[in-house]
Amino acid sequence: MSPASTAASTAPGPESTDRSRLLLVDGHSMAFRAYYALPVENFSTTTGQHTNAVYGFLSMLIKLLDEERPTHLAVAFDMAGGTFRTEQYAEYKANRDAAPAPFAGQIDLIHEVMSAMNVTILEREGFEADDILATLAVSAARSGMEVLVISGDRDTFQLVDDDVTVLYPIRGVSTLTRMTPAAVLEKYAVVPSRYPDLAALVGETSDNLPGVPGVGPKTAAKWVNLYDGLDGVIANADQIAGKAGQSFRDHLDQVIRNRRLNELLIDVELPVGPADLERRPVDREAVHQLFDTLEFDVLRERLFATLPEIAEDAVSPGVQVDVVAVGDLPDGLGPWLETHVPAGTLAGVDVTGTAAQGGGDAWTLAVASVGGHAVTIDLTDVAQTDEQTLAGWLADADRPKVVHDAKAAWHMLRGRGLELAGIGFDTALAGYLAHPDQRRYALADLSVRYLRRELVETEESGGQAVLALDENAGTADTAAGTRAQVLAELADVLGADLERRGGRRLLHDVELPVQRVLREMERVGICADTDNLEELRSGFDDAVERHAAAAYEAIGHEVNLSSPKQLQEVLFDELDMPKTKKTKTGYTTDADALAELYAKTSHPFLEHLLAHRDQIRLRQTAEGLLKSVSPDGRIHTTFHQTIAATGRLSSTDPNLQNIPVRTADGLRIREGFVVGEGYGALMTADYSQIEMRIMAHLSGDAGLIDAFQSGEDLHSYVASSVFEVGTDEVTPAQRSKIKAMSYGLAYGLSAFGLSRQLGIEVAEARTLMDVYFERFGGVREYLTGVVAHARRTGYTETIMGRRRYLPDLTSDNRQRRDMAERMALNAPIQGSAADIIKMAMIGTDRALTEAGLTSRLLLQVHDELVLEVAQGEEQQVDELVRREMGAAAELSVPLDVSVGTGRSWRDAAH
DNA sequence: TTGCGTCCCAC
DNA sequence: CAGTGGGACGCAAA
C-alpha cells in the first residue's frame, strides 16, 4: 500500500466522499429526551432559568456535527395546535401529559440558539416535525444526498434505506443507535418499509395508538413477512388461526387507522429544498451572547472547536520538509545550524533510540526549524567535526530546543555520551497539561489534533515503526527530519493552546524543571541490598510452600490458591460457606471477605489461604526488585510525568511508590533499600497531613485552620470539636472515626461509604457527617463550590492552576456524573499536593547544588522524598530539606515536614 | 499473545 | 456506594 492511500484510509471522521450529507433533527423529540436525561436541578442559570433540555440538545448536536460532519443541516419542530392526525383521530397523542413547568421556555431557547448558529428551522402548522423530516429526507436522497435523521420517534424507521439512516436515542441523548436497513431488520425482523405495518399491529403507546391485544412484535413480524405486508395480512385475515387471529379480526378497524396515522407524509409543502440547507457560518457574536446568558462555558468551547473555520485557523500549511543528511552538507553542521536555527529560535529535535535504564542508546538525531528545513545525523557514523559541533550545540542551554519526552531523549543521548540541555518546550508535557486525562501523548496524536496533519507509519528503520507525514514518507532519515519539523511547529500551536488553558507557567516553572530533577533521580537510582533481598525471597518462598501444603491438607486436595475461580468452588460448593459480596464473575474472595468467613467458620483452610496470599505477594515483590537491580547494584525506576490526571507522578519498572510499609514483613522489604557506597545514610522527609492542610487552605475554614495552628493532633482536635469533649478526652475510637471522615471528604465520600469503612450504621454515619459539617461549615461550602464551579467552567484547578477537565459532570448517566463529582472533589486537593511536592523537589535539588553538597534526591513517593546523604552533610541537608519543602507553597496553614535518617529506607522512617 | 477481571500494594 | 496509581495472576478469546 502506498503511503498516500494509507493516509486516506486513516483520515479522521466519516468516510470522506464528495457526497453531501444532510443532517435532519427532530427538535421537539430530542429536546424532550434531553430534558428527561439530565437532572434539571444541575442545570439552571444564576437567574433561575432551567437549561437542561437546551444543554442536552446542543451537546448532542455538537457531537453529531463533530462526528458526522454534515454539509447540510436543518432542525424541525412540531407546532402548537392540532395536526391532520388529531383531526382524523381525536385521541392521537392525547395520553401525553402537559410538558412539565421547567421544560417550558426551553424550546424557545433552542430556537434562539439555532438562529444564532444560522441553522434552518422548519415548522408548519398542521404537520408534525417528522412529516417535514420525511419530506426532506426523501427528496434529498433522490437528489443523491446521504441523509441522517435524528429522532426519538420510531415512525421514522420507515424512511430507512441505503441513503437514509435514522439515529435513534437509546439512553439519554448522548448514545444514538444507527438504524440502517440491516439494523431495523435485525431488531424488528421486518424491512424498514414494513416497520409501520408492524407498528400498526403492535400499537404505539406513546402516540396513544393501541395495538391488537395478544399480538406482539414477533407475531406481527411473522404475519407481515408471511403475507407480504399489512395489505396481505388484511386480505388473508380469515386464514389466520388461533386466538391472535381472532383478536386481529376483532380489531381490524383500529389497525387500519393506526396504519393511516403512522404513515409519514413525504409531500409537505416547504419553503426550502434540501439544497437550500447547506450549513452556514454561525453568528459568533450572537452565539457568545446567548451562551453567556445560558452560562454554557463548556459547550461554547466544544462548539467552536468543531467549527471548520476555527479548525482552519489552526492548520499550518502543509509543509514539504527539506530533509538533508549531515554528510551531504557542503559546509558541515555548524553553518547549517546558524542558518536554520539561529540563536533565539526554537529548534525541533527528534531522537531515535532506546531509553533503557542505565544503558540507553541513540541512533538517529534530527534537527529542524519551523521553516521546513531539517538535518538528520546518523549518530553511529558521523564525522568528528560535526560530532563536536553537535555535542556543543545539544549541551548549550542557550540554544532552546523542542523535544517530545525530553527525559527519555536525554537518557538515549547519554548512552552516546551526548548531553542534552536547553529544553525550551516538551510537547509531551505540554500535551499532558492541556489534556491531563489522556494517559498517552504520542507525537502522532498531537500532530493530528493540533496541526491537522497525519503522521503515517513507514516501514523503515530496522523493523521499528517510524512516523512521518505522508508527503515525506520514505526513509527513516526523512521521517526523523519530518518529526523534528512537526515538533518545531507544535511548540507554537500547542504553546498557544496551553497559554489559553492557563498552563504556561506550570510547564516552564514546574514540569520542565522537575523533569530535569527526575531524570537525575532515575540516573542515580537507589542502592539495593541484594543479599538481604535474596534471603527474604527464600524465606517468603518457604512460607508459601508451607501454607500451600497446609491449605491443601485442610481440604484434602490441591487447588490453585491464586485462582479466584477455583477458590469459589472450594469455598462455596465444597465447603458450603456463606456467600460473600458479588463481583462481576461470581463471589469475592478478597481479604476482607475471607477474614469474615474465617470469623464465622474458623476453617483452617482460610487461615492458610490468607497467609499464602500475603507471602506469595511479598515473595513476588522481593523477586521483582532483585530482577531490576542494575549492574551498578542500584535500582533505577522510571518516573512518569504524564500519566496521573491529577498531576501526581507514577513509577514503573519497578514501581517504587508502592513498596510495602504497613506490615512487619513489608517493612523487611524496605530494609532491602540501603545507602550506597560513598554516602552516609538515607534520609526520608515527608509532609504531614498535606491533603488536610490543603483542604484547610482552600476552604478557608476557620476551625480547620485553627486546628493546624494550635499544634494539637489534627484528628483529636477535630474529634473534640465534633463530639464536644476536651481534646484529652477524645477516645481512640472517636479519633479514628474522625480521621476516616476527614480523609473521606477529599474522596467525595458518601454516608454509605463512610458507614462501610467504619462498620457503622448508615444513619450514624450520616449524623457524623452532619455534625462534622456543622462544626466545619467552610469545608462543606468549599466542597459544594468546587463541584459547582467545575460544572460551570468544565474543569477544576489546583493552587498552581493545574486544570483537570471533567465533561462528565453534565453527563446524563448518573453513575458517570457521580464519578465525575468525586473526581472534582479530589482533583484540587491531590493535585495541589502534587504541585507542592514538585516545587519542593525543584527547590531541594537547586539548594543542594548551590550549597555545593553531594547529597542527592533518589525517590518521590507523593508526599515523601528519599535522599542519599553524604557523610558529614546530614545536619545541613536536614535543615535544607525542611526549609525547601516548607517553603514550596504559601498556605494559610504551616507545611509541616518530618525527617528521619538511617542506613536503610526502613531505618530512615520516623 | 492479548485483554479483561480480581486482588492488593502505596499515598 | 472513596480519589490517584502499578502490577501479578488466572482465564478466555484470538
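Worth knowing before you read on, the calculation uses all heavy atoms, side chains too, and leaves out hydrogens, waters and symmetry mates. A, B, ... follow the sequence lines: proteins, then strands. Residue 1 opens every chain.
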Inset, instruction - Step through the shown structure and confirm whether more than 12 heavy atoms of other residues, nucleotides or ligands are within 6.0 Å of CZ on Arg501(A). - result: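 Counting other residues, nucleotides and ligands, CZ of Arg501(A) exceeds 12 neighbours.
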Between [options], which nucleotide has the shortest distance from any of its atoms to the side chain of [X]?
X	options	value
Lys584(A)	dG5(B), dC9(C), dT4(C)	dG5(B)
Asn826(A)	dT4(C), dG5(C), dG10(C)	dT4(C)
Val661(A)	dC11(C), dG3(C), dC11(B)	dC11(B)
Asp653(A)	dG7(C), dG6(C), dC9(B)	dG7(C)
Ser563(A)	dG10(C), dC9(B), dC8(B)	dG10(C)
Arg617(A)	dC7(B), dG5(C), dG3(C)	dC7(B)

How is [X] classified with respect to the nucleic acid when contacts are heavy atoms under 4.0 Å: base, sugar-phosphate, or nothing?
X	answer
Ala746(A)	nothing
Arg648(A)	base
Gln566(A)	sugar-phosphate
Ala591(A)	sugar-phosphate
Ile643(A)	sugar-phosphate
Met819(A)	sugar-phosphate
Arg439(A)	sugar-phosphate
Ala645(A)	sugar-phosphate
Thr621(A)	nothing

What is the distance, rounded to the nearest whole Å, between atom [atom1] of [X] and atom [atom2] of [N]?
X	N	atom1	atom2	result
Ile669(A)	dA8(C)	CD1	P	13 Å
Phe673(A)	dA10(B)	CZ	P	13 Å
Leu783(A)	dG3(C)	CG	P	15 Å
Asp437(A)	dG3(C)	CG	P	14 Å
Lys582(A)	dC1(C)	NZ	P	15 Å
Ile616(A)	dG10(C)	CD1	C1'	12 Å
Leu609(A)	dC8(B)	CG	C1'	14 Å
Lys838(A)	dT4(C)	NZ	C1'	12 Å

Can a side chain N or O of [X] be found less than 4.0 Å away from OP1 or OP2 on [N]?
X	N	result
Asn560(A)	dG10(C)	yes
Arg804(A)	dT4(C)	yes
Lys565(A)	dA12(C)	yes
Thr585(A)	dG5(B)	no
Gln620(A)	dC8(B)	no
Thr646(A)	dT4(C)	no
Thr589(A)	dC7(B)	yes

Legend entry - Aromatic contact, Tyr772(A) with Phe776(A) (centres under 6.0 Å): yes
Inset, instruction - Please find out if less than 6.0 Å separates the ring center of His608(A) from that of His547(A). - result: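 Centroid separation for His608(A) and His547(A): below 6.0 Å.
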Inset, instruction - Assign the ring pair Tyr805(A) / His435(A) to parallel, tilted or perpendicular, where the plane angle (0 to 90°) is split at 30° and 60°. - result: tilted
Legend entry - Presence of donor-acceptor pair under 3.5 Å, side chain of Arg662(A) and base of dC9(B):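 Such a pair does not exist between side chain and base.
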Legend entry - Asp426(A), Thr638(A), Leu429(A) screened by side chain to side chain contact (heavy atoms under 4.5 Å, CB included) with Lys407(A), the one that passes: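 With Lys407(A) as partner, side chain to side chain contact (heavy atoms under 4.5 Å, CB included) holds for just one option, Thr638(A).
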Inset, instruction - Could you tell me whether a side-chain N or O of His910(A) sits under 3.5 Å from a main-chain N or O of Gly900(A), the two making a donor and an acceptor? - result: yes
Legend entry - Stepwise side chain to side chain contact (heavy atoms under 4.5 Å, CB included) test for His789(A) and Val787(A): CA-CA 5 Å; His789(A) 178 265; Val787(A) 176; over 6 Å; no
